[in-house]
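Worth saying up front: this structure is predicted, and the values here are computed from it rather than measured. In what follows, every chain begins at residue 1, and chains take the letters A, B, ... in the order their sequences are listed.
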Amino acid sequence: DTAVSQTPKYLVTQMGNDKSIKCEQNLGHDTMYWYKQDSKKFLKIMFSYNNKELIINETVPNRFSPKSPDKAHLNLHINSLELGDSAVYFCATRARQGMNTEAFFGQGTRLTVV
Amino acid sequence: AQSVAQPEDQVNVAEGNPLTVKCTYSVSGNPYLFWYVQYPNRGLQFLLKYITGDNLVKGSYGFEAEFNKSQTSFHLKKPSALVSDSALYFCAVRFSGGYNKLIFGAGTRLAVHP
């Protein structure tokens, strides 16, 4: 069983479209994240949810909207896609919000906007 | 500002030789330090972490890292490199006051040659 699974793995879409990426975890973790990895492999946090509550919302365009229907899911919806949104998006989870627990990552969703 | 630096874009080492991947950090308060590895087209995998206690921490796949408070460093090491260790390595830090978010370094590509 994959602990943190993302769908789809690859997504190619045209500029202006709206798309969603889904994340599901079966670890029972309280905290979930979305990270963006750009073409230079730099990783930056976008959002963090703890028990379905938004905790971190970095400087991300409001075209990006996370949604957590329950503790096991954190989806990322992107409106009006732009070329610069092309990246790999990673979902991650952590057991609790404390300082000393490590994060578990999904395999990533490679988004290509054409 | 809180930050993590990985000064080398790439590290090349011959199989069987020891390897070091460097990481320095700048945070206020006590740092919580992590190393992750990313294989091609995969998500990040946790290797090891320093929370408190012994400065030398051991992790997965024979890796270890040494926390040096005076030099604000957390270098990743392995006594004998394998070709299969070739991957992208990320150092990350968590600090109090930052909603426990994980800040990543830019990554270092490790290439182990037969």
Among the clusters formed by ILVMFWY side chains lying less than 4.5 Å apart, do [X] and [Y] turn up in the same one?
{"X": "A:Val88", "Y": "A:Phe64", "result": "no"}
{"X": "A:Phe47", "Y": "A:Ile45", "result": "no"}
{"X": "A:Val12", "Y": "A:Met15", "result": "no"}
{"X": "B:Phe34", "Y": "A:Val4", "result": "no"}
{"X": "A:Tyr89", "Y": "B:Tyr36", "result": "no"}

Which side chain to side chain donor-acceptor pair (under 3.5 Å) pairs, counting each pair once, include a residue from residues 13-29 of chain B, with sequence neighbours left out?
B:Gln2-B:Ser28

Are there over 12 heavy-atom neighbours, none belonging to B:Asp9, within less than 6.0 Å of that residue's CG?
no

Around B:Gln10, counting heavy atoms of other residues, nucleotides and ligands shown, do more than 12 lie under 6.0 Å from its CD?
yes

Give, for atom CD1 of B:Ile103 and atom CG of A:Leu43, the distance between the pair rounded to the nearest 0.5 Å.
12.5 Å

Give a yes or no on whether the ring-centroid distance for A:Phe42 and B:Phe104 is below 6.0 angstrom.
no

Taking a cut-off of under 4.5 angstrom between non-hydrogen atoms, the residues of residues 37-47 of chain B near chain A are B:Gln38, B:Asn41, B:Arg42, B:Gly43, B:Leu44, B:Phe46

Suppose the criterion is disulfide (SG to SG under 2.5 Å): which pairs have a residue in residues 26-89 of chain B, not counting sequence neighbours?
none

Under the salt bridge (charged side-chain N to carboxylate O under 4.0 Å, His left out) definition, can you give me all pairs with a residue in residues 67-90 of chain A, not counting sequence neighbours?
A:Asp30-A:Lys71, A:Arg63-A:Glu82, A:Arg63-A:Asp85

Bottom line for B:Tyr50: the part with an atom under 4.5 Å from chain A's heavy atoms is neither

Under a 4.5 Å heavy-atom cut-off, does chain A meet the side chain of B:Leu88, its backbone, both or neither?
side chain

If I measure from the heavy atoms of chain B, does [X] come under 4.5 Å with its side chain, its backbone, both, or neither?
{"X": "A:Glu58", "answer": "side chain"}
{"X": "A:Ala92", "answer": "neither"}
{"X": "A:Phe104", "answer": "neither"}
{"X": "A:Lys9", "answer": "side chain"}

Under 3.5 Å, side chain of A:Tyr33 to main-chain N/O of B:Leu102, donor-acceptor pair present?
no

Applying side-chain contact (heavy atoms from CB on, under 4.5 Å), run through A:Arg94 and B:Arg94 and close with a yes or a no.
CA-CA 13 Å; A:Arg94 205 154 63 90; B:Arg94 185 173 289 133; 3.1 Å; yes

Top of A:Tyr35, A:Phe105, A:Phe90 for chain B proximity - count of heavy-atom pairs under 4.5 angstrom:
A:Phe105

